[in-house]
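Data first, discussion second: the structure below is written as structure tokens.
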There are 4 protein chains.
Amino acid sequence: MFIELNFKSTIPIYEQLKNEIIIGIAKGEISFGERLPSVRQLAGDIGINMHTVNKAYKQLEEEGFVSIHRQKGVVVNSEGPPTADKQYRLNLKTILKPMIANAFCRDIEQEEFVKIIEQIYVELEGRKNE
Amino acid sequence: MFIELNFKSTIPIYEQLKNEIIIGIAKGEISFGERLPSVRQLAGDIGINMHTVNKAYKQLEEEGFVSIHRQKGVVVNSEGPPTADKQYRLNLKTILKPMIANAFCRDIEQEEFVKIIEQIYVELEGRKNE
Amino acid sequence: MFIELNFKSTIPIYEQLKNEIIIGIAKGEISFGERLPSVRQLAGDIGINMHTVNKAYKQLEEEGFVSIHRQKGVVVNSEGPPTADKQYRLNLKTILKPMIANAFCRDIEQEEFVKIIEQIYVELEGRKNE
Amino acid sequence: MFIELNFKSTIPIYEQLKNEIIIGIAKGEISFGERLPSVRQLAGDIGINMHTVNKAYKQLEEEGFVSIHRQKGVVVNSEGPPTADKQYRLNLKTILKPMIANAFCRDIEQEEFVKIIEQIYVELEGRKNE
DNA sequence: GTGGTCTAGACCACA
DNA sequence: GTGGTCTAGACCACG
């Protein structure tokens with residue numbers, strides 16, 4: 001898995017890192033039960049601070065993606081995060097709404113937006129069967 | 001147009017305000033050429049800092065949604081923001097990807113996600129004909 | 001509210017701090033809606049690092065005791081943390097069991113243990129009516 | 001006696017092991033004078049590190065629950081650990097206080113808390129007469 | 001060797 | 001002035 005970070009972005013590094021890992025899990029590039037690199041190793045590899053990696057890992061644990069063992073390190077949960085509930089869907093909609101409103105003002109119609117979604121789903125599922 | 005702000009949210013107030021206005025424009029609740037409330041008035045109505053409203057307005061201007069005139073005040077552009085270009089689409093995809101990956105891990109399949117998108121489009125377009 | 005920390009204890013400082021604040025809330029010494037000292041101020045007062053205070057505050061937020069606003073600071077929630085559910089009670093029992101087993105081996109009978117519990121409840125409620 | 005360990009818990013394994021043994025002693029499942037399994041055997045049975053078992057045993061010895069003899073192995077003391085003194089009671093209260101404050105904030109009143117304590121005492125004493 | 005904790009000090013976004 | 005983020009480097013508990 002390649003991890004690309006944009007240090008100029010306003011999105012916090014730990015957030016970007018989280019996102020990359022979640023994408024990796026969704027794609028199946030990181031298998032259930034697999035160990036993620038140790039906090040210090042990953043930090044060294046990417047060239048960021050240990051604590052930044054730690055923050056990303058901790059939040060992934062909170063959201064149910066991984067389990068952190070003091071000795072074994074960080075392991076991808078086999079069950080994964082809890083299935084989406086009403087609250088999650090509502091939240092998702094709240095975040096999507098202004099994004100879509102913006103896109104809509106820029107002449108991106110429903111068909112095109114849906115096509116983008118489909119593309120991303122293909123990208124995620126595509127590599128899952130490798 | 002109702003403006004609802006969540007002061008407990010981690011999303012900055014000016015960002016939420018921007019979003020609400022963009023949604024209003026997309027819905028057609030705010031017509032092209034229409035004047036938005038003055039910085040002072042809106043800040044007073046919502047009970048937030050003037051600087052915050054100002055920041056939202058300035059960014060809306062930068063993105064092409066409104067024009068700020070010294071005398072006329074803040075006016076919704078008739079042409080609207082520039083049509084989405086490659087860069088915009090790429091950016092959109094970059095933001096959507098981790099969101100979808102996350103949803104996917106929580107068992108939201110493509111069909112459901114698309115349905116949510118469609119719902120939002122309906123909500124935006126629906127009131128446009130009022 | 002006095003905050004006493006034991007720097008020699010194996011219990012992490014942020015944990016002790018959390019405990020002291022929770023006791024303060026339970027006693028009613030800290031009222032709902034009241035602001036806690038800023039991260040830096042409390043850190044300075046106690047003579048510990050800012051990040052340690054921050055960790056305590058963040059965990060109190062997660063557990064529903066307080067809300068953290070970027071500008072207003074940290075405020076005690078009026079609703080407080082979620083009412084105890086089955087999981088919480090089960091957990092409580094799991095933690096208490098070895099403690100009681102240990103006390104029992106040291107000849108602390110049920111009556112005495114209950115008396116200690118009652119004493120603590122009195123201490124908590126006592127000052128609430130001041 | 002069944003020993004159940006939760007490897008995902010933040011509570012150290014040796015601590016959990018200690019707790020389980022103390023509960024066993026309190027229940028009377030492990031009789032005074034009885035030999036505990038050897039370090040090597042217990043470690044093998046549960047599938048944990050020998051050092052971990054060793055640490056648990058050593059601490060149990062320090063606290064007066066068992067005696068470790070080079071030849072006889074680890075034996076449960078007939079007198080048991082020293083009767084609770086003032087210091088022990090004070091310590092117990094210090095640990096219980098934040099737990100109770102927390103439970104109190106979650107609407108667990110004195111009566112219910114006491115009932116939980118009583119339940120645990122029953123569980124411990126119940127099997128003692130088997 | 002792993003994560004957990006703590007410190008010290010810096011810069012930034014927000015309002 | 002508030003919390004948020006990030007860095008750097010230290011010591012410790014665990015197994």
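Convention: sequence-line order gives letters A, B, ...; per-chain numbering from 1.
- Nearer to the 5' terminus of DNA chain F, by closest-nucleotide assignment, is the contact made by A/P12 (compared with the other of D/P12 and A/P12).
- As judged by a 4.0 angstrom heavy-atom cut-off over every strand, A/M50 is placed among the base-contacting residues.
- Look at CZ on C/F7: it is 17 Å from C1' on F/dC12, rounded to the nearest Å.
- Contact between the side-chain N/O atoms of D/K55 and the OP1/OP2 oxygens of F/dG15 is not found at any separation under 4.0 Å.
- For the pair C/T52 and E/dT7, the criterion of a side-chain N or O lying under 4.0 Å from OP1 or OP2 is met.
- Summarising the geometry, the separation between CD1 on B/I46 and P on E/dA15 is reported as 12 Å, rounded to the nearest angstrom.
- For the pair B/Q59 CD and E/dA15 P, the interatomic distance rounds to 11 Å; values are reported in whole Å.
- Between A/L36 and B/I11, the residue anchored nearer the 5' end of DNA chain E, judged by the nucleotide with its closest heavy atom, is A/L36.
- Checking side-chain atoms of A/T52 against main-chain N and O of A/I48 turns up no donor-acceptor pair under 3.5 Å.
- Each of F/dA10, E/dC11, F/dG15 was ranked by its minimum atom distance to the side chain of A/R40; first place goes to F/dA10.
- Rounded to an integer number of Å, the gap from A/H69 NE2 to E/dT2 C1' is 12 Å.
- Nearest to the side chain of C/R70, among F/dG15, E/dC14, F/dC14, sits E/dC14.
- Of the candidate nucleotides E/dG4, F/dC14, E/dA15, F/dC14 has the atom nearest to the side chain of A/Q71.
- Taking only side-chain nitrogens and oxygens, C/T10 never comes nearer than 4.0 Å to OP1 or OP2 of F/dA13.
- A donor-acceptor pair is defined here as one N or O able to donate and one able to accept, closer than 3.5 Å; such a pair exists between the side chain of B/N77 and the backbone of B/G64.
- Distances shorter than 4.0 Å separate some side-chain N or O of C/N54 from OP1 or OP2 on F/dG4.
- Remark: the backbone N or O of C/S31 is paired with a side-chain donor or acceptor of C/E34 at under 3.5 angstrom.
- Distances shown here put every side-chain N or O of B/Y14 at or beyond 4.0 Å from the OP1 or OP2 atom of E/dA15.
- More than 12 heavy atoms of other residues, nucleotides or ligands sit less than 6.0 Å from atom NZ of D/K93.
- Straight-line distance from the CG atom of D/L17 to the C1' atom of F/dC14: 14 Å, rounded to whole Å.
- Along DNA chain F, the nucleotide nearest to C/R35 and the one nearest to D/I13 differ in position, and the one closer to the 5' end is contacted by C/R35.
- By the salt bridge (charged side-chain N to carboxylate O under 4.0 Å, His left out) test, D/E63 pairs with C/R106, D/K18, sequence neighbours left out.
- The CD1 atom of B/I48 sits 19 Å away from the P atom of E/dA13 (whole-angstrom rounding).
- Distance, C/Y57 OH to E/dC6 P: 16 Å, rounded to whole Å.
- Taking only side-chain atoms of C/H51, from C-beta outward, the nucleotide of E/dT5, E/dG9, F/dG3 with the closest atom is E/dG9.
- For the pair C/R35 (side chain) and C/K72 (backbone), a donor-acceptor distance under 3.5 Å is present.
- Closest-nucleotide positions on DNA chain E for B/N49 and A/K58 were compared, and the one nearer the 5' end corresponds to A/K58.
- Among E/dG3, F/dG4, F/dG9, the nucleotide with an atom closest to any side-chain atom of C/I68 is F/dG4.
- Atom CD in D/E15 sits roughly 12 Å away from atom C1' in F/dC14 (whole-Å rounding).
- Listed here is the closest heavy atom pair of C/H69 and B/F7: ND1-O, 3.3 Å.
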Inset, instruction - For DNA chain E, produce a single dot-bracket line, 5' to 3'. Pairs: Watson-Crick or G-U wobble, both distances under 3.5 Å. Symbols: ( ) within strand, [ ] crossing, | other strand, . unpaired. - result: ||||||||||||||.
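- Taking all atoms of both residues into account, the shortest heavy-atom contact from A/L17 to A/L5 is N-CD2, 3.9 Å.
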